[in-house]
Every structure is written in C-alpha cells, then in structure tokens.
Amino acid sequence: MPVLPIESLTPDTPLPPLCLIHGEEDLLRVEALDTLREAAKKQGYLNRESHTPETAADWDTLLASAGSAGLFADLKLLEIHIPGGKPGKTGGDALQTLAENLPADTVTVIVLPKLEKAQTQAKWFAALSKRGTVLEAKPVPAAALPAWIRGRLKKENLAIEDDALALFAERVEGNLLAAKQEIGKLALLHPAGHTLSMADAEQAVADVARFDVFQLAAAWMGGDAARTLKLLEGLEAEGEEPVLLLWTLAEDIRTLIRLAAALKQGQSVQAVRNSLRLWGDKQTLAPQAVRRIGVARLMAALQECARTDRLIKGAEAGDAWAVFRQTVCGLAV
C-alpha cells in the first residue's frame, strides 16, 4: 500500500490513478484535496466531477459515470466524498468494483473522515489501498507542533524566536485550522523576512488551544503533571462536562488494572494489546503507568471516580470538577 506523506504533496506531484484521503485532521484533508485539484489542473485533468453517494441509485450513477470516462477526450478528476466514512454494503461493493476497474484517463480521489478499525479492515478499504495511494491526515502531536508552525511561517517568509514559537504552539495546540489562520494573520501584519518576537506573538496569536480526552489520558499516563493540569483547566474552561471525562478515566484505570494482572501472570503487552485496546501511544504509555502508579493507587483512584459520579448525580454534596481534577492530577505524579 503506497502511503504518501501529506506534507510532501505538491502541485507537481505525479498523480496516481487512485488516491485515498482519510484521517482525523480536517485541515490536512482539505489541503490535500486542494493540492490534488491544483495538480490535476496543472497536469491537464481539466474536467472535475464530484459525487457524494448516499443511495444505491447514487452508487449506480457513480459507476456509470466512471465507466463512461473513456468515451471523452478530456482527462477527468473524479472525486468521491463519503463524509460518514461508512459506504454501507452497496457502497462497499461499488468501491471494490471501482478499484478493480479503474477508469481510463481519470484520476479518482476518495475522501473520507477519520476511520475506525472496522473500516480500515473492510474489503472495500483493502481493495482501494492495494491499488491506490493513501494520504492519511494524522494530527500533529504537541511535540511536533513547533516544527510544523516554523515550517509554515517559513513558507510565508517569516522567522520566529524560540520563546515566541513556544507561546504560539501552546496557544494553538490541537487546532491546526486556527494555527493556519493565525499564521496568515501574521503574514499580513509583518513584512517578508521579519523575525517574530515574543511581543509579536503575544499581541497577534489568540489563545485557541483545543483539548480533548485523549490528550488528557496521554498526559497523566505519561506522568506529565504540568501538562495534565493545563489540559484539565482547558477542558473545564471549554465547558466540557465531567461525565464523559469521568467515564473515560474510569475505563482507562480499569484497563491499567487488568494490564497489571496480565503482566503479573507473565503475559506480554503485545499478547493483551487487542483485548485491552492498547492502541496507538497507549501501547507504550500504559505499561509505564502501571509500573509508576501501582495497583493500590489505581484502585483508590477508581473509588474516587465512584465518588465523583455521585457528586455529578447529586447523590453527594461537593464540587465534582474539583474532585475529578484532584484524582487525575494524583495519577500524573
């Protein structure tokens, strides 16, 4: 399965007959599609056709259109948008048929959102990825965000001081679209060749950081107390209700307790990875958290989760957010 890094995509990139764009980072998906459109126009694919099929009839129309592409002289860019990421059986069969019979003189681009494991293991996805080039719009992690921002500023002929870059990254973390908008604003405010100072960043860059429960889990499992507190404050400031956060925390704690039991029995992390859903960074962070925190503290934290649940439901008096914050921060140290 050819996988092309999104950042390497340019209007001069030779277009493959089939390209699949998916992933959770909206900005990178949009930019990838825009770049492919520009490349298609530059390389002579002047006829653009877009479909967002929902019904069986829509899929039939799409396949008929794809099959007729060879009857015309114009090179065609055929876009297929599946916003929900689930084409269904009819759509899945149609996509397999399309992958196995790619139309001539056509570049086919299929655009999907973030896909769950079930979708990436489906026959239609396997058929598309086997025959096409895959562009995955992965989120830019916090550690890589400063370099991403510096690279984008460089394209605008702007440089930035290290302390100003740190502030910039902190204020736009988790929100690449806002980061792009702020970079565009800075390019308008300052001449080419300007080096952005801390004062420039403080004045121009809005605090638009967006936090989520997955970042929070990575922070406390990784033992980063300062980041954990920052994320909690961000989630609370955004008006995030503690109900979902509490459920996620309790599930993660139970997972760590089960992992501790498995490791004690001599099982490896790889052996229990799927059953405990230790995917992504959790494969590394969960075993570290088990060793650092210990089962006794995990059990105590689970009791605190039960108390927070009673506070949320009004069965006990107190501040649910305060107790929740104390529990999570306690796990981070």
Side-chain angles (χ1 to χ4, degrees), residues 23-26 114 116-117 138-146 148 166-179 207-260 269 273 276-295 297-313 318-333:
E24 65 180 287
E25 186 50 66
D26 295 338
K114 176 186 177 182
E116 303 300 331
K117 190 176 182 182
K138 296 180 179 179
V140 176
L145 185 56
W148 186 90
L167 176 67
F168 194 140
E170 179 181 318
R171 288 189 172 180
V172 300
E173 182 184 345
N175 197 339
L176 284 193
L177 180 57
D207 190 351
V208 291
R210 184 183 65 205
F211 305 111
D212 60 40
V213 293
F214 303 107
Q215 292 175 326
L216 181 62
W220 71 258
M221 282 190 187
D224 191 337
R227 178 165 170 76
T228 298
L229 180 58
K230 175 189 170 185
L231 289 168
L232 284 167
E233 290 174 345
L235 287 164
E236 188 174 4
E238 290 175 2
E240 188 77 36
E241 292 295 331
V243 178
L244 175 60
L245 298 173
L246 178 65
W247 180 85
T248 304
L249 175 65
E251 284 297 298
D252 283 338
I253 292 172
R254 293 188 187 99
T255 295
L256 293 186
I257 292 172
R258 289 194 288 269
L259 176 59
V269 174
R273 182 186 63 179
L276 295 184
R277 299 176 180 271
L278 298 177
W279 300 320
D281 291 341
K282 282 189 178 180
Q283 292 183 55
T284 303
L285 294 174
Q288 294 175 355
V290 165
R291 290 191 294 269
R292 178 176 56 81
I293 300 171
V295 174
R297 286 175 62 197
L298 289 170
M299 293 297 294
L302 205 54
Q303 291 297 318
E304 286 300 298
C305 287
R307 181 189 171 203
T308 305
D309 184 57
R310 293 194 297 273
L311 292 171
I312 291 171
K313 294 175 179 176
D319 185 340
W321 255 112
V323 175
F324 179 77
R325 189 186 310 113
Q326 183 178 8
T327 302
V328 181
C329 288
L331 291 169
V333 297

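No hydrogens, no waters, no symmetry mates; every other heavy atom, side chains included, goes into these values.
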In sequence, state the C-alpha distance, the side-chain angles, and the governing distance for Phe324 and Ile312, and then conclude on side-chain contact (heavy atoms from CB on, under 4.5 Å). CA-CA 10 Å; Phe324 179 77; Ile312 291 171; over 6 Å; no

Given Leu145 and Glu173, is the side-chain contact (heavy atoms from CB on, under 4.5 Å) satisfied, shown in steps? CA-CA 7 Å; Leu145 185 56; Glu173 182 184 345; 4.2 Å; yes

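The CG atom of Leu302 sits 10.5 Å away from the CD atom of Glu304 when rounded to the nearest 0.5 Å. Here the CG-CG distance, from Asp26 to Leu177, works out to 8.0 Å after rounding to the nearest 0.5 Å.
Residues Leu176 and Trp148 are in side-chain contact: their nearest non-hydrogen atoms beyond the backbone lie under 4.5 Å apart. The side-chain heavy atoms of Leu245 and Val328, taken from C-beta on, include no pair separated by under 4.5 Å. Under the 4.5 Å side-chain criterion, counting only non-hydrogen atoms from C-beta, Thr327 is not in contact with Trp220.
Between Ala225 and Val333 the shortest heavy-atom distance is CB-CG1, 3.7 Å. The heavy-atom pair separating Thr308 from Ala320 by the smallest distance is CG2-O, 3.7 Å. Closest heavy-atom contact between Ile253 and Ala301: CD1-CB, 3.8 Å. Scanning both residues, Leu278 and Ala286, for their nearest heavy atoms gives CD2-CB, 3.8 Å. Taking every heavy atom of both residues into account, Ala179 and Phe168 meet most closely at O-CZ, 4.1 Å. Scanning all heavy atoms of the two residues, the minimum distance from Leu256 to Val290 falls at O-CG2, 3.5 Å.
Counting non-hydrogen atoms of neighbouring residues, nucleotides and ligands closer than 6.0 angstrom, the NZ atom of Lys117 exceeds 12 such neighbours.
The backbone N or O of Thr255 sits nowhere less than 3.5 Å from a side-chain atom of Arg277 that would complete a donor-acceptor pair. For the pair Arg292 (side chain) and Met221 (backbone), a donor-acceptor distance under 3.5 Å is present.
Partner Arg325 forms a side chain to side chain contact (heavy atoms under 4.5 Å, CB included) with one of Thr228, Asp319, Leu232 and no other, that one being Leu232.
Look at Arg254 and Glu251 and you find a salt bridge, because one of the NZ, NE, NH1 or NH2 atoms lies within 4.0 Å of a carboxylate O, short of that distance.
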